[in-house]
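The structure appears below as structure tokens.
Note that these values count all heavy atoms, side chains included, but never hydrogens, waters or copies made by symmetry. Note that this is a predicted model, so its numbers are computed, not measured.
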Amino acid sequence: MNKTYDHKTLEKEVYEMWEKIGAFSPEGAKTLREKGGNNLPYSVLMPPPNANAPIHCGHATYSLQDIMIRYKRMQGFDALYLPGTDHAGFETQYVYEKKLKAEGKSRFDFDRDTFYKDVLNFVKENSDTAINQLKLLGMSADWDRNTFMLGQKVIDIVYDTFIKMYNEGLVYREGYMVNYSTFYGTTFSDLETDYKDSVSPLYYVKYAIGATPKKEGLPLYMTVATVRPETIYADVAIAVNPNDKRYKDFVGKKVINPLTNEEIPVIEDEYVDIEFGTGCLKITPGHDFNDYKIGKKHGLSVISLINLDGRMNEFAGEVAGLFPSAARKKVVEILQEKGAIEKINDKYENRVLVDYKEGNVIEPMILPNWFINMDKLLDPVISAIEKNEVKFNLPEWKRDTLRWIKEKKPWPISRQTVFGIRIPAWYSISENPDLQVTFVDKSGVYRSGNLKQMLGTNNGKDYSLDEIKSGLQKVIPSKDAKYLIQKDSPGDDFLQETDTFDTWFSSGQWPLTTTKYPDSSDFKKYYPTDFLDSGYDIMFFWIARMIMFGLYLTGEIPFKNVYFHGMVTGKDGRKMSKSKNNGVNPVEMIEKYGADALRMGLIVGGNTEAKFSPFDEDKVRGFRNFANKIWNVSRFINQKIEDDHLNIPDEMSDSDLQKEDKELLSKLKSLIESVTKDLDRYKFKLAGESIYDFIWNTLANDYLESIKSRSDVSAMFTLRRSFLSAIKLLHPFMPFVTEAVWKEISKPKSESKYIIISKWPI
RNA sequence: GGUUGAGUAGCUCAGCUGGUUAGAGCAUUCGGUUUACAUCCGAAAGGUCACUGGUUCGAACCCAGUCUCAACCACCA
């Protein structure tokens, strides 16, 4: 054995050895174990990393999952760690589009089938990146069972679920206010938007009091402050706060829209802030989230002013055809001519809704959207959580999850991205004369318009249905378009919905798709799974929905225990980011100190249970030293046994042991008990810490030093037994060095050849 | 604005259900070591457990209030 532990060579050797002997699959482990397994299933799902991106420090927390799997495997369970990778819909498409941009192209140059295939190939080329890096970390996942989120089996399951939901009346389609980016041509989820500080002019616009009889002495107009005067065309009311005495007499009267000259009512609503601006709020349900809510509450109509291409439409009168920024300028001129602008505050600071990628402006717009009615679906979830059928590692997670679920918000599931699972809805061309389409014609030119007209025969501009179908980018059906829901095309007269499912709609079915629901042997044996570890940031999007889908489809919860780990931050306690220069690349850490050290640094050095876990390289270095310590203890044992020509028996009776020997063995016994107990209740840090303390201080510094002068068998029996047990306890935390040492060290014949399938000490 | 969490050694954090003298790693200082390991060993120094009050035989821990920081959600017409 070398004088120091060489993690670079040995980690690679050890991992290849594990793969070669098939230790990661429950079946393989069973064979290796020969006898003594308990045949009980234990399963952990790996949260799928993005297929196309390298791992980051957060992924190093997957070690927690690996700890549970290795622990249970050693206890004799048929332990299955099920891996997979996510297609990550929009994220992936975005990365690919960036690449296209560098080549001077964009997605508008391709029909959707070609584009989809290109992205898919791009993902396939890069899909091993994350997996190979997780292997470096030592994950003992059964890679042969790897599931890719866009595989055919996954799509089949997702379609079956959607169709079942549709047949049971849980799916509907309606207008919905979405974050629409005219720049990307898609909606963004609330998650994917941001606010950007900006300075915009705030216009004070006068609305004249209408023809309805007015009380003596009242002013002739109401003034409204707005940053978006171009949306005045879509105003349907003016709202004031019911407690605002200034406007008490106006409520119920009419004012005149200064652009359309139409009469709109003055209503009252608690939402209006008396202090802000003039205390009068224009209500534009078509283009503002709050106005939409207020409009709905008061039964007001909704007017949409902006088309999907970002231009103002025919309702926008004089500014139709312009983009909103240009329209705003022109509208201001018009209003000024009419004398309807009271004043302009040029230095008004507000925040503008933008996408989180490039910071382009987001338009709140009403679009037809597919929805899942969550009302009934969530009841069983609430009851399962309340009855602790699904347990959380901290009480606040249970409380937070329940709080969110109980809101029972409908779930909008359609996205306008290409890279995803296409919604299996079919629009009849003959029955929906108002279908709009965008497509690339055979000369490669982008076209859009009414499908019926494009197919018609006029001025040589018509296209064949085949040409449109093969170049299709997007179908835009009206709000009340007729459709069929089924897996395959109902016939030539139909176009498939081009919207795709929200990624969470498929990843929400992860426990089912990975176990190959409904009739595979894995599903029967390993569902429900046992332990699910995740970042708390996706508690609602992912965890709650997995429970929902699991209960809906199988009647059973998908996992029994949920462990939320904190966010790994820089040493300064702040989110890792390039701009703060506090980022850490896990792969570099592995090269420098070894995966074992990284795992320990994160789990024992930090605290995964806290909301934040700062990453400290000094700690990782400390655990690298610990790996070396272990290596050298085993060298000492081997050397001393050899030098003293000792024949160590497998068992010794208490009467043959000295007092200090028995003391050490009794400390070992309580260590085994506490570590087992701590792992059973997911106290990873405590467990790891006590093993560390035992090996370094109790075993090496105290006991080992004290027996150096002894040459009797009982001392070495005690030392070796304690050490072998201790590194077994340590194996789930530091799999590589313990396996490497296990191979080298002299051990009783009764012990198995590999520590990975050895018996957990009791 | 709402919700939640945090504040313990110079730094990063533990302290498991209220129980002796509050712990660890790193950093610092002093000393040792031709050793299983310098990726080592021994020792020292370092704390008003944010603050104020309360409950208790007993509080870092429970309760109330105050201050500071952070995160999440909402939002600025």
Side-chain angles (χ1 to χ4, degrees), chain A residues 1-7 190-191 195 197-198 200 202-205 224-229 231 235 238-239 271-273 275-284 287-291 293-294 348-353 394 396-397 399-400 403-404 407 536-537 539-540 566-567 569-575 593-594 597 600-601 604-607 609-640 643 674 677-678 681-683 685-690 692-693 696-697 700-702 704-705 708 719 723:
Chain A
M1 286 174 88
N2 288 333
K3 203 168 168 184
T4 51
Y5 171 62
D6 170 20
H7 66 262
D190 290 344
L191 274 180
Y195 285 93
D197 289 326
S198 126
S200 329
L202 181 65
Y203 303 94
Y204 286 75
V205 182
V224 168
T226 178
V227 289
R228 301 205 57 188
T231 64
D235 285 357
I238 298 292
Y271 170 77
V272 182
D273 183 354
E275 308 289 320
F276 191 94
T278 60
C280 301
L281 174 65
K282 74 188 200 67
I283 302 297
T284 321
H287 294 281
D288 183 278
F289 283 94
N290 290 304
D291 293 6
K293 269 188 228 154
I294 295 172
Y348 175 65
E349 288 173 18
N350 69 340
R351 293 171 66 191
V352 182
L353 190 63
L394 291 175
E396 53 258 43
W397 301 133
R399 179 197 59 203
D400 287 358
R403 184 180 298 158
W404 183 80
E407 284 181 32
Y536 61 84
D537 49 333
M539 177 190 312
F540 310 138
M567 190 192 303
T569 65
K571 198 187 170 180
D572 56 4
R574 297 196 296 171
K575 252 188 192 175
Y593 303 111
M600 284 294 271
V604 179
N607 181 16
E609 205 165 38
K611 273 211 165 174
F612 302 98
S613 189
F615 182 89
D616 188 347
E617 187 170 337
D618 284 339
K619 299 212 170 173
V620 179
R621 187 154 42 82
F623 288 112
R624 187 268 319 261
N625 298 353
F626 182 48
N628 192 54
K629 189 82 184 173
I630 290 163
W631 183 254
N632 275 289
V633 171
S634 73
R635 279 183 68 215
F636 174 84
I637 294 174
N638 277 353
Q639 208 170 300
K640 185 138 169 88
D643 290 353
S674 75
K677 198 177 127 208
D678 286 339
R681 56 193 190 124
Y682 312 117
K683 297 290 178 188
K685 185 189 166 86
L686 280 175
E689 229 168 26
S690 44
Y692 174 90
D693 179 61
W696 198 306
N697 297 319
N701 287 0
D702 299 343
L704 186 148
E705 289 299 331
K708 269 187 177 167
L719 181 64
F723 182 67

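Nucleotides B:U20 and B:C72 have their P atoms positioned 39 Å apart, rounded to a whole Å. Of the P atoms belonging to B:G42 and B:C49, the separation is 30 Å, rounded to the nearest Å. Here the separation of B:C67 from B:C11, taken at their P atoms, is 24 Å to the nearest Å. Spacing of P atoms, B:G58 relative to B:A70, comes out at 38 Å, to the nearest Å. As rounded to the nearest Å, B:U56 and B:C63 have C1' atoms that lie 12 Å from one another. Nucleotides B:A36 and B:A45 are separated by 31 Å at their C1' atoms, to the nearest Å. Only the P atoms considered, B:G46 is 24 Å distant from B:C13, to the nearest whole Å. Taking the C1' atom of each, B:A27 and B:G10 are spaced 7 Å apart, rounded to whole Å.
For A:Arg624, whose side chain is taken as the heavy atoms from C-beta onward, the closest listed nucleotide among B:U12, B:C76, B:U39 is B:U39. Nearest to the side chain of A:Leu686, among B:C16, B:C40, B:A71, sits B:C16. Distance from the side chain of A:Asn632 is smallest for B:A36 among the nucleotides B:C40, B:A36, B:C76. The side chain of A:Lys629 lies closest to B:A36, out of B:C13, B:A36, B:C75. The listed nucleotides are B:G25, B:A77, B:A14; the one nearest the side chain of A:Asn607 is B:A14. Among the nucleotides B:U39, B:A36, B:C76, the one closest to any side-chain atom of A:Asn625 is B:U39. When the nucleotides B:C76, B:A27, B:G25 are ranked by their closest atom to the side chain of A:Arg621, B:A27 comes out on top. Each of B:A77, B:C76, B:U39 was ranked by its minimum atom distance to the side chain of A:Asn628; first place goes to B:U39. When distances are taken from the side chain of A:Pro614 to each of B:A77, B:A71, B:U12, the shortest belongs to B:U12. Nearest to the side-chain atoms of A:Tyr271 among the listed nucleotides B:A36, B:A77, B:A27 stands B:A77.
Here the side chain of A:Asp693 pairs no donor or acceptor atom with the backbone of A:Glu689 at under 3.5 angstrom. For A:Ser198 (side chain) and A:Asn350 (main-chain N/O), no donor-acceptor pair under 3.5 Å exists by modelled atom type.
Residue contacts for A:Val633: at a heavy-atom cut-off of 4.0 Å it reaches a base atom on one of the strands shown. At the heavy-atom level, A:Trp397 lies nowhere under 4.0 Å from the strands shown. Residue contacts shown for A:Lys685 are limited to sugar-phosphate atoms, with no base heavy atom under 4.0 Å away. When heavy atoms are screened at a 4.0 angstrom cut-off, A:Lys3 is found touching the sugar-phosphate backbone but no base atom. The residue A:Lys683 sits apart from the nucleic acid: no heavy atom pair falls under 4.0 Å. Here A:Tyr5 lies out of heavy-atom contact (under 4.0 Å) with every strand. Within 4.0 Å of A:Ala700, counting heavy atoms only, lies at least one base atom of the nucleic acid. The residue A:Tyr593 sits apart from the nucleic acid: no heavy atom pair falls under 4.0 Å. Contact annotation for A:Val272: base contact, defined as any heavy-atom pair under 4.0 Å involving a base atom. Residue-level contact check: A:Asn290 touches the backbone only, with heavy atoms under 4.0 Å from sugar-phosphate atoms and none from bases.
Comparing A:Glu275 and A:Asp678 by the nucleotide of RNA chain B that holds the closest heavy atom to each, the one mapping nearer the 5' end is A:Asp678. Comparing A:Leu704 and A:Glu689, the nucleotide of RNA chain B nearest to each residue sits closer to the 5' end for A:Glu689.
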### Query
After noting the C-alpha distance and the side-chain angles of A:Val620 and A:Phe615, does the key distance pass the side chain to side chain contact (heavy atoms under 4.5 Å, CB included) rule?
CA-CA 9 Å; A:Val620 179; A:Phe615 182 89; 3.7 Å; yes

### Task
Decide yes or no on side chain to side chain contact (heavy atoms under 4.5 Å, CB included) for A:Asn701 and A:Lys629, but give the supporting numbers first.
CA-CA 11 Å; A:Asn701 287 0; A:Lys629 189 82 184 173; 3.8 Å; yes

### Message
Evaluate A:Tyr195 against A:Val352 for side chain to side chain contact (heavy atoms under 4.5 Å, CB included), listing each step before the verdict.
### Response
CA-CA 5 Å; A:Tyr195 285 93; A:Val352 182; over 6 Å; no

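Distance A:Glu609 CD to B:C16 C1': 10 Å, rounded to the nearest Å. Computed from coordinates, the A:Phe615 CZ to B:G25 P distance equals 19 Å when rounded to whole Å. In this structure, CH2 of A:Trp404 is placed 17 Å from P of B:C72, rounded to the nearest angstrom. As a whole-Å value, the separation of A:Asp618 CG from B:G10 P is 17 Å. Between A:Ile630 atom CD1 and B:U39 atom P the separation is 17 Å, expressed in whole Å.
Few gaps surround CD on A:Glu396; more than 12 heavy atoms of other groups in view lie less than 6.0 Å from it.
Base pairing analysis places B:U56 opposite nothing; no Watson-Crick or G-U wobble pair with both distances below 3.5 Å involves it. With a cut-off of 3.5 Å on both Watson-Crick or G-U wobble distances, the partner of B:A45 is given as none. The pairing partner recorded for B:U17 is none, the criterion being a Watson-Crick or G-U wobble arrangement whose two distances lie under 3.5 angstrom. Nucleotide B:A50 has B:U66 as its partner under the Watson-Crick or G-U criteria, with both atom distances under 3.5 Å. Of the nucleotides present, none pairs with B:C76 by Watson-Crick or G-U wobble criteria with both distances under 3.5 Å. For B:C11, the paired nucleotide is B:G25, the pair qualifying as Watson-Crick or G-U wobble because both relevant distances are below 3.5 Å.
Side chains of A:Asn632 and A:Arg635: a donor-acceptor N/O pair is present below 3.5 angstrom, by distance only. A side-chain donor from one of A:Tyr593 and A:Glu617 sits under 3.5 Å from a side-chain acceptor of the other.
With a 4.5 Å cut-off on side-chain heavy atoms, A:Tyr271 and A:Leu281 count as touching. Side chains of A:Tyr5 and A:Arg624 form no contact here, defined as non-hydrogen atoms less than 4.5 Å apart.
In this model, the phosphate group of B:C41 is approached by a side-chain N or O of A:Trp696 to a distance below 4.0 Å at OP1 or OP2. Note on A:Asn701: a side-chain N or O is less than 4.0 Å away from OP1 or OP2 of B:C41. Checking the phosphate oxygens (OP1, OP2) of B:A71, no side-chain nitrogen or oxygen of A:Tyr536 falls inside 4.0 Å. For B:A36, one of the phosphate oxygens OP1 or OP2 lies less than 4.0 angstrom from a side-chain nitrogen or oxygen of A:Lys708.
Shown here are the salt bridge (Lys or Arg N to Asp or Glu O under 4.0 Å) partners of A:Lys282, two or more places apart in sequence or in another chain: A:Asp235.
A donor and an acceptor atom sit less than 3.5 Å apart, one in the side chain of A:Glu705 and one in the base of B:A36. Checked by distance alone, A:Arg681 brings a side-chain donor or acceptor within 3.5 Å of a matching partner on the base of B:C16.
Taking the charged nitrogens against the carboxylate oxygens, A:Arg621 and A:Asp618 do have a contact shorter than 4.0 Å, which makes a salt bridge.
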### Message
Within the 4.0 Å limit for protein heavy atoms, which parts of nucleotides 2-8 of chain B are touched? Write it as a string from 5' to 3', B for base, S for sugar-phosphate only, - for none.
### Response
-SSS---

